[in-house]
Amino acid sequence: MPTDRNINTNFQRLLVSMASLVIIIAGLTLTASLLGPILFAIFIAILSYPILNWLIKKGLPKGVALVVMIILLVIFLVAMATFLSASFDQLEASLAVYQDQIDARVADLKTALEGLGINFSDSAVLEPDTDAWVASATNFIRRVGSLLANIILIIVTMIFALLEAANLRNRLQQNLGADHQIVVRSEQFSQSVIRYFGLRTLVNLFVGSMVAVLLLILDIACAILWGVLTFFLGYIPYLGAFLATLPAVLLGLVQYGIGMALVVVIGITIINFIGENLIAPKMIGEGLHISPLVVFIAFILWSAVLGPLGMFLSMPLTVIVLFLLDSFPETRWLAGVMGASQDPVMD
């Protein structure tokens, strides 16, 4: 049986671990403006590495393939930054108009309810503070837009990540040995992660493109922006589809009324069903073995720590944390509690 001394020792270790976790989270929060773009750049580099290998296998010299890959990524990032900047400017400029439309929709709803004998004249239920809503939306848009100022940092970090990726495996083998557990597990993990998120990118591209086309047909404001948002939020299981759908549904309601909002909901639901239930299982397989509760908590935590980028990076960062926990006997039980199997990412 455990003695009082052992119990006290374990309790002290738990307190030290919790205090260390709080310090780490505080440090990440303080450096979020710098850390977020760096992590985003590394994630892009990881997704791009298979394409680099493919170019090399096709006969391009390693240096030439690297230059081609970097040029393509720079063009993509600059184009994405330019598009997002223009879209955010357009959306922010239109918020005042949407505020008036929201007030008009609320007034119509109150009139309809009063016609049914439901009186809200003395209630604040249907008196939303639209000024606060618009201010919050504007603040969020500016926070996302401020990330574009880090485009140079993202590009430079991404270049160095691609340069180091090829040498990292060799360094690990030279210092630890080819059969070392860390080397073997890290190689298995990197391959499965690249495969999963690579295929996840293709599924997200399909869903995001179809959502953008649907919203363009329905003449919803900033349709392409919501398609891009759907692409990025598609990396978040369970929550991503809902979060990506919400802005388009609200705009459909504000612009055209409840009928258009229902059409948007039905259309995006059908697209997500096709992508997630017909295409994704065939391409990705079983995917991630993570508890839905852990996914939700990780989304909240990384969003609070890293801001808007934390939403997009919550799943990649959570998978890395699970891998680290699963790599040590002392913490493997915690990875199991969080819903991970022996390998958090399955082939």
So, for [X] and [Y], which heavy atoms are closest and what is the spacing to 0.1 Å?
X      : Y      : result
Leu162 : Ser48  : CD2-CB, 4.5 Å
Leu60  : Ala65  : CB-CB, 4.1 Å
Phe299 : Leu243 : CZ-CD1, 3.2 Å
Ala298 : Thr318 : CB-OG1, 3.1 Å
Ala212 : Ile224 : CB-CA, 4.2 Å
Ile271 : Val211 : CD1-N, 3.8 Å

Using side-chain heavy atoms (C-beta onward) and a distance below 4.5 Å, is [X] in contact with [Y]?
X      : Y      : value
Thr230 : Asn204 : no
Leu251 : Val264 : no
Leu73  : Met158 : yes
Phe206 : Ile274 : yes
Phe242 : Asn272 : no

I need the [X] [atom1] to [Y] [atom2] distance, nearest 0.5 Å.
X      : Y      : atom1 : atom2 : answer
Ile154 : Phe43  : CD1   : CZ    : 13.0 Å
Thr269 : Phe273 : OG1   : CZ    : 11.0 Å
Ile70  : Ile159 : CD1   : CD1   : 4.5 Å
Leu39  : Thr157 : CG    : OG1   : 9.5 Å
Leu313 : Ser303 : CG    : OG    : 9.5 Å
Ile220 : Gln255 : CD1   : CD    : 5.0 Å

In this structure, would [X] and [Y] fall into the same cluster of hydrophobic residues linked by side-chain contacts under 4.5 Å?
X      : Y      : value
Val207 : Leu246 : no
Val68  : Ile75  : no
Leu306 : Val321 : yes
Val294 : Ile300 : yes
Met210 : Leu278 : yes

* Asked: For Phe296, does the CZ atom have more than 12 heavy-atom neighbours from other residues, nucleotides or ligands under 6.0 Å away?
  ->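 Not more than 12 within 6.0 Å, no.
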* Asked: side chain to side chain contact (heavy atoms under 4.5 Å, CB included) between Lys62 and Leu52: does it pass, once the steps are laid out?
  -> CA-CA 8 Å; Lys62 182 178 177 180; Leu52 177 63; over 6 Å; no
* Asked: Is the Phe40 ring parallel, tilted or perpendicular to the Phe232 ring (thresholds 30°, 60°)?
  ->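 Tilted.
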* **Backbone N/O of Ala221 and side chain of Trp226: donor-acceptor pair under 3.5 Å** =>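 Side chain of Trp226 to backbone of Ala221, a donor-acceptor pair under 3.5 Å: yes, one is there.
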* Tyr235 and Thr201: side-chain donor and acceptor closer than 3.5 Å? ->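 There is such a pair between these side chains.
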* Would you please test Leu253 and Met260 for side chain to side chain contact (heavy atoms under 4.5 Å, CB included) and show each step? => CA-CA 6 Å; Leu253 175 64; Met260 179 60 75; over 6 Å; no
* **Ile71 vs Phe76, side chain to side chain contact (heavy atoms under 4.5 Å, CB included): CA-CA, chis, key distance, verdict** => CA-CA 9 Å; Ile71 291 174; Phe76 168 76; over 6 Å; no
